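Structure record follows, encoded as structure tokens.
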2 protein chains.
Amino acid sequence: MRLTTKGRYAVTAMLDLALHSDKGPVSLADISVRQGISLSYLEQLFARLRQFKLVKSVRGPGGGYQLMGSTADISVAQVVDAVSESLDATRCEGKGNCHEGEVCLTHHLWENLSEQIHRFLSEISLADLVARKDIRAVSELQNLRLRSSQSHADHIVVSEIN
Amino acid sequence: MRLTTKGRYAVTAMLDLALHSDKGPVSLADISVRQGISLSYLEQLFARLRQFKLVKSVRGPGGGYQLMGSTADISVAQVVDAVSESLDATRCEGKGNCHEGEVCLTHHLWENLSEQIHRFLSEISLADLVARKDIRAVSELQNLRLRSSQSHADHIVVSEIN
DNA sequence: GAATACCTGAGTAAAATACTCGGAATTAGG
DNA sequence: CCTAATTCCGAGTATTTTACTCAGGTATTC
């Protein structure tokens, strides 16, 4: 299991999705604005998330993405795994021939460690995250900003954030 | 906390060091042969490990590296931290201004997660790893290979790698 | 049929990874 | 003192990953 910024981007996006899942599909454009992640990058991430059946898509106007299943059923580990290109985790593709045909010293070790970290992240669901106060608070601010930037687009000039 | 292959290289090297610490300093050249990691790369890793006071060096012939303190006092977390360029962990350098002056959605979340994974890896010492049967077994094989490649080097001109 | 979205693939700049190379400083052993 | 073994140091470099841009295509709603 690899833990990099890419996984965090994915978790952030999925969390945003979870926070706005009440009013139908959420477009990547919205997530892009709220979370400051480029649209194309989101498209790449969601391609993986869709392949892993963590989200489903609705095309056309008013479309976007929805979570497959409830927030309680999707774990941080699943999200990270989906985008993390998985299995050079131990560099020997499970065959144990990492070092000139032999198992490298830390092969079992890292397998073991990965497994435990994985288990840890498996026990944290999107529902757990959504329930957190700190996250709800930040989310509220972000909703304000999205709405104001949208009304911008509709002509009425607003600048309520300064 | 970032978990990549770089950290695994460092842990592997430190574990090798721990396994051979009984007979004086261990040279990077030996570790390089046993673990299949390039010498120069090891030098870079050990520069960090030395800065973090996890190892001390002995120069000159017969020199090498030794662990600072006992294997029980050095944790996997310390080793990973030493080489992991630490703190863009949350991308906002602790200030919480990751996203246009605001705290990003997963800021606290990731801080929290990092902390817990860190705690987990802190509780695994090199002594724990050295005690593992699987690791001792692999280590024995590696010792054999090093010895045979050394006796080769004394004299008989070698081309066994083709 | 036009606008809104997803979808796809190719390309790309910047960073991180995993090295190479060349040399300097230190020190043990002859 | 000389030589070899070693750590140290800095620069350079190839490959991969990350994070993104661009240019279109496809499905769907209004």
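These figures come from a predicted structure and were not determined experimentally. Chain identifiers are assigned alphabetically (A, B, ...) following the order of the sequence lines, protein sequences preceding nucleic acid strands; residue numbering begins at 1 within each chain.
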Under 3.5 Å, is there a donor-acceptor pair between the side chain of [X] and the main chain of [Y]?
| X | Y | answer |
| --- | --- | --- |
| B/Arg48 | B/Ala82 | yes |
| A/Ser84 | A/Asp81 | no |
| A/Asp128 | A/Ser125 | yes |

Open item on the list: To check you understand the geometry: which heavy-atom pair defines the closest contact between B/Leu28 and B/Leu39, and what is its length?
Closed with: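 Nearest pair, atom of B/Leu28 first, then B/Leu39: CB-CD1, 3.5 Å.
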
At less than 4.0 Å, is any side-chain N or O atom of [X] found next to OP1 or OP2 of [N]? Yes or no.
| X | N | result |
| --- | --- | --- |
| B/Thr4 | C/dT17 | yes |
| B/Tyr41 | C/dA18 | yes |
| A/Ser57 | C/dA5 | no |
| A/Ser27 | C/dT4 | no |
| B/Tyr65 | D/dT6 | no |
| B/Arg50 | D/dT7 | no |

Measure [atom1]/[X] against [atom2]/[N] and give the value in whole Å, please.
| X | N | atom1 | atom2 | answer |
| --- | --- | --- | --- | --- |
| B/Leu49 | D/dC8 | CG | P | 12 Å |
| A/Leu39 | C/dC7 | CG | P | 12 Å |
| B/Arg48 | C/dA18 | CZ | C1' | 15 Å |
| B/Arg8 | C/dT17 | CZ | P | 13 Å |
| A/Ile31 | C/dC6 | CD1 | C1' | 12 Å |
| A/Leu45 | D/dC20 | CG | C1' | 11 Å |
| B/Phe46 | D/dT7 | CZ | P | 9 Å |
| A/Lys6 | D/dC20 | NZ | P | 12 Å |

TODO: First locate atom CZ of A/Arg119, then atom CZ of B/Phe120, and finally report the distance between them rounded to the nearest 0.5 Å.
DONE: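 If we round to the nearest 0.5 Å, A/Arg119:CZ and B/Phe120:CZ are 8.5 Å apart.
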
TODO: Return the 5'-most residue of the pair A/Ala47, A/Gly63 with respect to DNA chain C, ranking by each residue's nearest nucleotide.
DONE: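 Result: A/Gly63.
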
Open item on the list: Is the shortest side-chain heavy-atom distance between B/Gln66 and B/Leu17 below 4.5 Å?
Closed with: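 They are not in contact (no side-chain heavy atoms under 4.5 Å apart), so the answer is no.
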
- [ ] Counting heavy atoms from C-beta on, name the nucleotide in C/dC19, D/dT17, D/dC20 closest to the side chain of A/Arg2.
- [x]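 Per side-chain heavy atoms of A/Arg2, the pick is D/dT17.
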
TODO: Over 60° means perpendicular and under 30° means parallel, so classify the ring planes of A/Phe46 and A/Tyr65, tilted if in between.
DONE: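 Judged by the thresholds at 30° and 60°, the geometry between A/Tyr65 and A/Phe46 is tilted.
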
Task: Annotated protein contacts, base or backbone, on nucleotides 21-30 of chain C with a non-hydrogen cut-off under 4.0 Å, one of B, S, - each - done: B---BBBB--

Task: Whichever of B/Leu28 and B/Gln44 has its nearest DNA chain D nucleotide further upstream toward 5' - done: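 The residue mapped nearer the 5' terminus is B/Leu28.
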
